[in-house]
Amino acid sequence: MIEFLSVYGENWSTWQPPMVSAIWVTLALTFCAYILALAIGLLVALGRMSNSAMLRAICKGYVEFTRGVPTLVILFLIYFGLPGFGIVFDAFWAGVIGLGIGMGGYIAEVFRSGLQAIHFGQREAALAVGMTPFQSFRYIMLPLAIRIVLPPMLNMLILILKDSSLCALITAPELMLFAKDLASTTFLPMHLYLLVGVVYLALSLPMSLVARRVEARMQAGMSR
Amino acid sequence: MAEPLLKVENLHKSFGSLEVLKGIDLELAKGEKIALIGPSGCGKSTCLRCVNFLEIPNQGHIYLDGELFGQKKVGDQYSQMSEKELARQRATIGMVFQGFYLWPHLNVRDNVAIAQIKVNGMAKSEANDLAMDMLKKVHMDHKSEEFPERLSGGQQQRVAIARALAQRPKLLLFDEPTSALDPELVGEVLNTIHELADEGRAMMLVTHEIAFAREVADRVVFMDGGGIAEQGPAKDIIDNPQNPRLQSFLGQMLERN
Ligand SMILES: Nc1ncnc2c1ncn2[C@@H]1O[C@H](COP(=O)(O)OP(=O)(O)O)[C@@H](O)[C@H]1O
Ligand SMILES: [Mg+2]
């Protein structure tokens, strides 16, 4: 055990700097993909509730696509497939787009269930007391939607963080690629994959603690 | 004759090809209480919702306190008001819905106070005091910190009534306020409405509680086929209906209760 751990001590000075920069890439990847997925998700959720049958069908098709097609396939399509059509993204942005598209469908479903859980009557009640449509959105619909949607949205962030490791396979210089590259040159795979496993856990644990607490608070607000 | 509080003039409303209201004319004096009755689907809710422009009429005009409601008139052209102006007018009419529609993220007091704070710019402490006064009126002040989900349907509806009262409305609209309630909870809500009626508040009440309408309303209006089929003093209409459709409607209602 001591022997196993001492390997980290010996290599820390060479491992630490590239690991830190890889962590930043992982976080940037996660954050950008999450923003993209939120934007796609919101638009698709609205599209699925629109009056246009065509728009509804397209959005439903998109949701089914992201449900059925593995994120890795989407990443490969973007990074390896699209250049054949003259569309080239570097590994980082291919990762952002692939993860964003892959998760957008799930986020759309979360938005949709959140918006559907709000009864139109609650909006009418807001209009009836003299709120403008904007005020009814700002003070009634939005807080209600956030309460319903926030906990699952925080869970989505954790899923994206973990899925970002797939981007190692399209050579985005993130945490998993750091471990993979170093493992192949140092022959210390156990040490390196354990290390990044712990880092992923350390990054996601605070997020899931926050998600848990938000969920508890929202439920208290709704049903206390 | 004094100017009516509410004047509904030649009101028409269609949904697609379905013509629901085919020209309603109705006046309501200050302090007057009218009950709107009629078979399900005859357009009672639509009529009520047109009064505060939750539904936009296809034709006709609403006047509240002599003022054109929801529309602007320039020359002899009518056009729709801006949302902001409409909201300001809507604030002068209180509405109570069949489904209560309290806002689940706010506690009882905030449900009653929020519009006064956000819409009328009232100070929070003042709005809270007002909310507590209104909650006292509906005997719900002991639940001011509760969230709506924890209340019975009857209690929720009384809070919804307090929310409407906090607007200090010129007119109260009730759309079947007890239809969604378990039978044993109907009484408490009717009592609350009765107390408000006794204060001389103007109200328009859609209800299937015929006995209650007879007791509380000054006037009963029977709607049928998209128009007003018969109207008059509550007791006359209910005890001595002339229109055969009203007779059979009242017969059915009696049987049901
Ligand atoms: N938003 C709407 N869209 C389409 N049809 C509607 C809408 N609201 C009401 N209707 C129809 O208008 C008719 C009158 O409805 P309503 O005013 O709710 O009747 P009541 O309240 O007397 O039961 C019904 O046939 C109903 O289906
Ligand atoms: Mg109705």
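No experiment lies behind these values; they were computed from the predicted model shown. Each chain gets a letter, A, B and so on, in the order its sequence line appears, and its residues count up from 1.
Below 4.5 Å, heavy atoms of chain B meet heavy atoms from Glu124(A), Ala125(A), Ala126(A), Leu127(A), Ala128(A), Val129(A), Gly130(A), Met131(A), Thr132(A), all part of residues 123-132 of chain A.
Enclosure of atom OH in Tyr8(A) by more than 12 non-hydrogen atoms of other residues, nucleotides or ligands within 6.0 angstrom is indicated. Taking a 6.0 Å sphere around CZ of Arg56(A), one finds it holds more than 12 heavy atoms contributed by other residues, nucleotides or ligands. In the displayed structure, Phe134(A) atom CZ is contacted under 6.0 Å by at most 12 heavy atoms of other residues, nucleotides or ligands. More than 12 heavy atoms of other residues, nucleotides or ligands lie within 6.0 Å of CD in Glu199(B), so this atom counts as buried by the packing criterion. Summarising the local packing, NZ of Lys72(B) is surrounded by more than 12 heavy atoms from other residues, nucleotides or ligands at distances under 6.0 Å. At most 12 heavy atoms of other shown residues, nucleotides or ligands fall within 6.0 angstrom of atom NZ in Lys60(A). Within a 6.0 Å sphere centred on CZ of Phe85(A), other residues, nucleotides and ligands contribute 12 heavy atoms or fewer.
Of the atoms belonging to Gln167(B), it is side-chain heavy atoms, and not backbone ones, that fall under 4.5 Å from chain A. For a residue to count as touching a neighbouring chain, one of its non-hydrogen atoms must lie under 4.5 Å from one of that chain's; by this rule Leu86(B) does not touch chain A.
From Ile117(B), atom CD1 reaches atom OH of Tyr139(A) across 10.0 Å, with rounding to the nearest 0.5 Å.
Of the listed residues (Gln135(A), His119(A), Arg138(A)), the greatest number of heavy-atom pairs within a distance under 4.5 Å of chain B belongs to His119(A). In terms of heavy-atom pairs under 4.5 Å with chain A, the best-connected choice from Gln98(B), Arg49(B), Lys118(B), Gln116(B) is Lys118(B).
Contact of the Gln122(A) side chain with the Pro104(B) side chain is registered, since non-hydrogen atoms from C-beta on lie closer than 4.5 Å.
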